[in-house]
Amino acid sequence: MQVVCALAGRRVGVSKPIAITLGDPAGIGPEVVLKTLLANPQSRHPWVLVGALWSLQCCADALGLPMPKVDKIVAFSHTTSPVSILEPAALAAPKDFCFGEVQAACGDLAVRSVERAAHACLAAEAAAMVTAPINKEAIHAAGYVHDIGHQEILARMSGVNQTATMLMTPGLKVVHLSTHKSLAQAVSYVRRDTVLDKLRLLHDTLTRWGMQRPRIALAALNPHGGEGGLLGAEEVEQLTPAVADAVILGIDVTGPVPADSVFNRAINGEFDVVLALYHDQGHIAIKVHNFHQSTTATLGIPFVRTSVDHGTAFDIAGKGVADPTGLRAAIEAAETIVDGRLT
């Protein structure tokens, strides 16, 4: 049975569509997209789902949910309905398809979908893209050995060499100096030049996205901010000089602020965003504060991309228990940025 979701009853205006990739078909991406469509969504932009229709149908069948009515299109310029789907290639479902398992065919489809959505953004055919999760093992099995994840794919397509991840949840925004590095590698990355480059990228992106003079806090690396060098030299030798350089450039940045207090100060409204120095320093703060509504945005690429802040969750895929809150928050975040309403 097919149903028409509430969004499909709204007329499409002149707004460019938001591209929403379905993620790895074996994960929870199709499920959270399906649930979002069935939850009477309201949107200021039409949506173009990018992925295989069979993955959405398989999910609906497995969960006993109705299949929303979506128009099939072959180009973003053909968007006439509030909800459409564009398949990146004529790929049938793998004969051995199974929820919750690493499959090269699913990894290939996931990457093709991301590339198609990114191409639409680069060609100004889409206002932004929102991504459901992909699986690193699956895309590696599909032959994409140099693409660790979304950020690397988008950097490759955009021809940029500096990107950053911003995690967002109500009341807290965090950008990372580095993410997928070992702790030892992350510490070696804490240098005056790399910190200054990331502060500039953060300031310039948020300003372009509509935030007036963003107030940035730089987290310290060592306990108590290094205690003047007694507990580590990075604050004295690298972080404080980077902050001074940034201030000269007109960037509103404070720090280094001890990591055990900086996030609470940001939540209380003192800062708009925190620059964390390694993966877990920022991720733990976001996920403890409000995991279910947390989303990510990619800085450094020439278009808006937001994403859920969770993985493919193969352990629960196809079971009907995935929470779509993060996807809806990611779509709302993309629309907020596109419409210049980021605060």
Side-chain angles (χ1 to χ4, degrees), residues 12 14-25 27 29-30 33 43 45-56 70-92 104-136 138-140 142-166 205 208-209 295-308 327 330-331 333-335 337-339:
V12 176
V14 296
S15 298
K16 290 182 181 179
I18 302 289
I20 303 173
T21 62
L22 300 182
D24 191 305
V33 171
S43 178
H45 296 261
W47 296 352
V48 174
L49 311 181
V50 185
L53 184 59
W54 66 257
S55 68
L56 209 58
V70 293
D71 290 345
K72 289 187 66 172
I73 59 174
V74 296
F76 276 79
S77 60
H78 295 175
T79 303
T80 58
S81 300
V83 181
S84 307
I85 187 166
L86 189 154
E87 299 186 287
L91 300 175
C106 292
D108 183 52
L109 175 59
V111 174
R112 287 172 182 255
S113 299
V114 172
E115 291 177 334
R116 184 64 186 86
H119 176 76
C121 290
L122 289 167
E125 297 171 341
M129 64 183 290
V130 178
T131 55
I134 60 178
N135 184 275
K136 293 177 176 60
I139 66 175
H140 191 273
Y144 299 95
V145 295
H146 299 297
D147 292 329
I148 299 174
H150 282 107
Q151 195 157 302
E152 290 76 15
I153 297 171
L154 300 178
R156 165 172 59 82
M157 292 194 66
S158 302
V160 300
N161 54 23
Q162 185 188 33
T163 59
T165 298
M166 181 166 70
T205 302
R208 188 172 68 251
W209 286 354
T295 63
T296 68
T298 301
L299 284 64
I301 56 176
F303 54 86
V304 175
R305 175 255 173 170
T306 64
S307 179
V308 296
L327 180 66
I331 296 171
E335 292 180 337
I337 295 170
V338 167
D339 295 342

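This one's a predicted model, so the numbers in the text were calculated from it and none came from an experiment.
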| query | Which atom pair, heavy atoms only, marks the closest approach of D24 to G107? | reply | OD2-N, 4.2 Å
| query | Can you tell if the side chain of W47 reaches within under 4.5 Å of the side chain of V33, non-hydrogen atoms only? | reply | no
| Spacing of I337 atom CD1 and T205 atom OG1 [to the nearest 0.5 Å] | 10.0 Å
| query | Going by atom types alone, do D339 and H45 pair a side-chain donor with an acceptor below 3.5 Å? | reply | yes
| query | Are the side chain of T163 and the backbone N or O of G300 linked by a donor-acceptor pair below 3.5 Å? | reply | no
| remark: So OG1 of T165 and NE2 of H150: to nearest 0.5 Å the spacing works out to 11.5 Å
| note | Smallest heavy-atom separation, V304 atom then A127 atom, equals CB-O, 4.4 Å
| request: Have a look at D147 and tell me which of R112, R156, K136 forms a salt bridge (charged side-chain N to carboxylate O under 4.0 Å, His left out) with it. | output: R156
| message | Can you give me the closest heavy-atom contact between W209 and T298, atom names plus distance? | response | CH2-O, 4.0 Å
| request: Mind checking the CZ-SG spacing from R116 to C121? Nearest 0.5 Å is all I need. | output: 10.0 Å
| V70 and L53, any side-chain heavy atoms less than 4.5 Å apart | yes
| query | CD1/I73 to CG/L49 distance, rounded to the nearest 0.5 angstrom? | reply | 9.0 Å
| field | Minimal non-hydrogen separation, A52 against S55, with atom names | value | O-OG, 2.7 Å
| Between E87 and K72, what is the shortest heavy-atom contact and its length? | OE1-NZ, 3.1 Å
| request: Drop me the distance from R305's CZ to S158's OG, to the nearest 0.5 angstrom. | output: 11.0 Å
| message | When you compare the side chain of L154 with that of F303, does any pair of heavy atoms fall below 4.5 Å? | response | yes
| message | Is any side-chain heavy atom of S81 closer than 4.5 Å to one of P46? | response | no
| Do Q151 and I301 have side chains that get closer than 4.5 Å, going by heavy atoms? | no
| task | Quick one: pull up CD1 in I134 and CD1 in I139 and give me the separation to the nearest 0.5 Å. | result | 4.5 Å
| query | How far apart are the closest heavy atoms of L56 and P30, and which atoms are they? | reply | CD1-O, 3.7 Å
| said: Do E115 and P88 make a side-chain contact, defined as non-hydrogen atoms from C-beta onward lying under 4.5 Å apart? | reply: no
| message | Any heavy-atom pair between the side chains of L22 and S113 that's under 4.5 Å? | response | no
| Taking side chain as C-beta onward, heavy atoms only, is P302 less than 4.5 Å from L122? | yes
| task | Return yes if some donor-acceptor pair links the side-chain N/O of T131 with the main-chain N/O of S307 below 3.5 Å, else return no. | result | no
